[in-house]
Amino acid sequence: MIGMEFRTDDVPVDERFDRWRELIDRTRANDTTSPHAADFRAEMRVLELGLITVWRTSFSPAHFRRNARRIRRDDAEYYHLSLLTEGGLTQVQERGASATIGPRGLLVDSSWQSCDALAHATRLPADGRPGTVVGVGVDLPRALLPLPARRVDRLLGRGLSVRNGPGALLAEFLLGLDRQAVALRPADAPRLGEVTLGLVSASFAHALGAEDVLPAETRHEVLARQVRTFIQQHLPDLELTPGTVAAAHHISLSHLHRVFGEQSPGETVAGWIRSQRLERIRADLADPSLRTRPIHVLAARWGMPRASQFTRAFRTAYGISPRDYRHQALSGRR
């Protein structure tokens with residue numbers, strides 16, 4: 001795994017809050033307090049991706065205050081992103097700007113400005129404990145972003161949408177990093193850092209209406225990710241073709257093929273649509289709850305209604321017929 005993990009359950013009760021606060025201070029210097037410090041609960045997984053740090057955490061409600069005394073002027077300036085999946089966060093900037101986010105909200109902050117933030121739980125567990133705040137943080141040097149700093153600074157203290165567009169891609173990528181953390185190796189870190197930077201840059205540019213400022217490579221990588229996400233969401237659609245994908249993204253078919261080829265050498269858009277459909281069908285064939293569902297029905301539900309074409313494609317991809325694959329997969333589960 002890249003980075004490190006921390007759990008308060010592994011620390012004596014009277015040391016838990018201080019140890020967690022020390023970890024937070026490594027990237028976000030704050031005066032941190034909590035009404036639950038005496039029985040503080042927290043977990044954290046920190047991924048070091050080159051110059052970028054991504055961390056997933058859950059913690060008891062807390063209050064963060066960064067004032068002039070805590071701002072390390074001699075350090076590199078960092079942007080801080082906070083993506084919540086549970087709980088709420090209200091932040092007031094030194095200039096008086098304030099923002100509140102809840103689950104699926106993204107807040108942009110900086111290391112060089114004072115602020116006051118309150119993280120609170122929105123759901124209380126049945127055992128009477130105080131509840132938790134859960135989210136993902138990203139810390140990256142200000143100088144890394146390929147966008148004018150003066151324009152990016154307009155986003156400080158603002159809540160950004162991650163429900164669609166580049167913001168949604170960024171959110172899903174960050175959550176996916178956490179899910180795959182145990183399988184990641186140190187050699188993966190530099191490339192994952194580049195992807196994180198590209199998605200953060202695209203999200204900021206989208207929020208500022210400044211997509212044209214991004215390098216072509218970043219624009220193409222984000223577009224390719226948007227295309228893949230769109231395809232996965234529309235696999236059951238019989239009208240899903242490279243042409244409809246291009247039209248949905250307001251680009252020409254030739255541009256779609258060029259961008260997709262840059263990001264996935266040797267693979268075509270049509271081939272990727274087919275491979276994704278086959279993967280979904282293969283998963284259904286191995287699902288015991290679907291054992292009585294006819295194979296042609298499972299194929300049709302993922303956009304492959306012609307039984308003979310589907311069978312040939314499945315055998316070509318996996319070297320076995322759909323029927324034999326289902327038999328082997330389900331026999332092993334009994």
Side-chain angles (χ1 to χ4, degrees), residues 2-4 23-30 44 46-57 64 66-83 91 93-95 97 99 101 106-115 117 135-162 165-167 169-171 173-174 177 184 186-225 263:
I2 305 169
M4 55 81 69
L23 287 175
I24 293 293
D25 267 5
R26 291 181 183 180
T27 57
R28 305 191 181 193
N30 298 286
M44 182 183 292
V46 182
L47 304 180
E48 301 288 350
L49 309 179
L51 296 176
I52 297 174
T53 302
V54 176
W55 44 281
R56 168 84 167 185
T57 185
F64 308 89
R66 186 190 307 120
N67 54 29
R69 183 178 61 83
R70 295 306 308 269
I71 296 174
R72 295 189 288 262
R73 299 290 184 181
D74 56 337
D75 282 0
E77 295 179 330
Y78 276 75
Y79 287 116
H80 302 311
L81 284 70
S82 300
L83 170 69
Q91 185 184 82
Q93 295 274 318
E94 63 180 2
R95 295 169 298 178
I101 60 171
L106 177 69
L107 187 66
V108 185
D109 183 21
S110 71
S111 66
W112 63 89
Q113 290 189 355
S114 299
C115 71
V136 180
V138 181
D139 304 309
L140 71 160
R142 188 185 195 187
L144 280 186
L145 282 176
L147 294 165
R150 287 181 300 153
R151 298 185 70 173
V152 176
D153 289 353
R154 300 176 192 170
L155 301 177
L156 296 179
R158 282 178 51 183
L160 304 183
S161 172
V162 293
L169 294 178
L170 173 62
F173 175 76
L174 294 177
L177 271 180
L184 300 178
D188 299 319
R191 177 54 184 157
L192 293 173
E194 293 174 5
V195 174
T196 304
L197 176 62
L199 290 173
V200 170
S201 300
S203 299
F204 284 6
H206 181 76
L208 294 166
E211 289 91 345
D212 57 321
V213 179
L214 290 174
E217 181 180 353
T218 299
R219 296 199 304 271
H220 289 179
E221 181 170 351
V222 172
L223 175 59
R225 286 182 175 275
Q263 302 299 318

Does any part of the side chain of [Y], heavy atoms only, come nearer than 4.5 Å to the side chain of [X], both counted from C-beta?
X	Y	value
L184	L177	yes
V138	I52	yes
L192	L47	no

Using every non-hydrogen atom in the two residues, find where [X] and [Y] come nearest and quote the distance to one decimal.
X	Y	answer
P190	P186	CD-O, 3.7 Å
R66	S111	CD-O, 3.9 Å
A171	V162	CB-CB, 4.0 Å
M44	L23	SD-CB, 4.1 Å

Result block: side-chain N/O donor-acceptor pairs under 3.5 angstrom for residues 202-209, not counting sequence neighbours:
residue, atom, partner, partner atom, Å
S203, OG, P166, O, 3.3
S203, OG, L199, O, 2.8
H206, ND1, E211, OE2, 3.1

For a quick test of your reading: what N or O donor-acceptor pairs under 3.5 Å do the side chains of residues 139-161 make, sequence neighbours left out?
residue, atom, partner, partner atom, Å
D139, OD1, R28, NE, 2.9
D139, OD1, R28, NH2, 3.2
D139, OD1, H80, ND1, 2.6
D139, OD2, T27, OG1, 3.0
D139, OD2, W55, NE1, 2.8
R142, NH1, E77, OE1, 2.6
R142, NH2, D153, OD1, 3.4
R142, NH2, D153, OD2, 2.3
D153, OD1, Y79, OH, 2.8
S161, OG, R163, N, 3.3

- Query: E48: what forms a side chain to side chain contact (heavy atoms under 4.5 Å, CB included) with it, not counting sequence neighbours?
  - Reply: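 Listed in chain order: V46, T53.
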
- Message: Checking A99 now: which residues fulfil side chain to side chain contact (heavy atoms under 4.5 Å, CB included) with it, not counting sequence neighbours?
- Response: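 For A99, the residues satisfying side chain to side chain contact (heavy atoms under 4.5 Å, CB included) (neighbours in sequence not counted) are L107.
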
- Message: Once rounded to the nearest 0.5 Å, what's the spacing between atom OG of S114 and atom CG of N30?
- Response: 10.5 Å

- Task: Would you give the length of the straight line joining atom CG of L106 to atom CD1 of I101, rounded to the nearest 0.5 angstrom?
- Result: 6.5 Å

- Message: Strictly distance-based, threshold 3.5 Å: is any side-chain N or O of R56 a donor or acceptor partner for the main-chain N or O of L174?
- Response: no

Indicate every side-chain donor-acceptor pair of residues 216-223 with a distance under 3.5 Å to a residue at least two apart or in another chain.
residue, atom, partner, partner atom, Å
R219, NH1, L214, O, 2.4
H220, ND1, E262, OE1, 2.8
E221, OE2, R191, NH2, 3.2

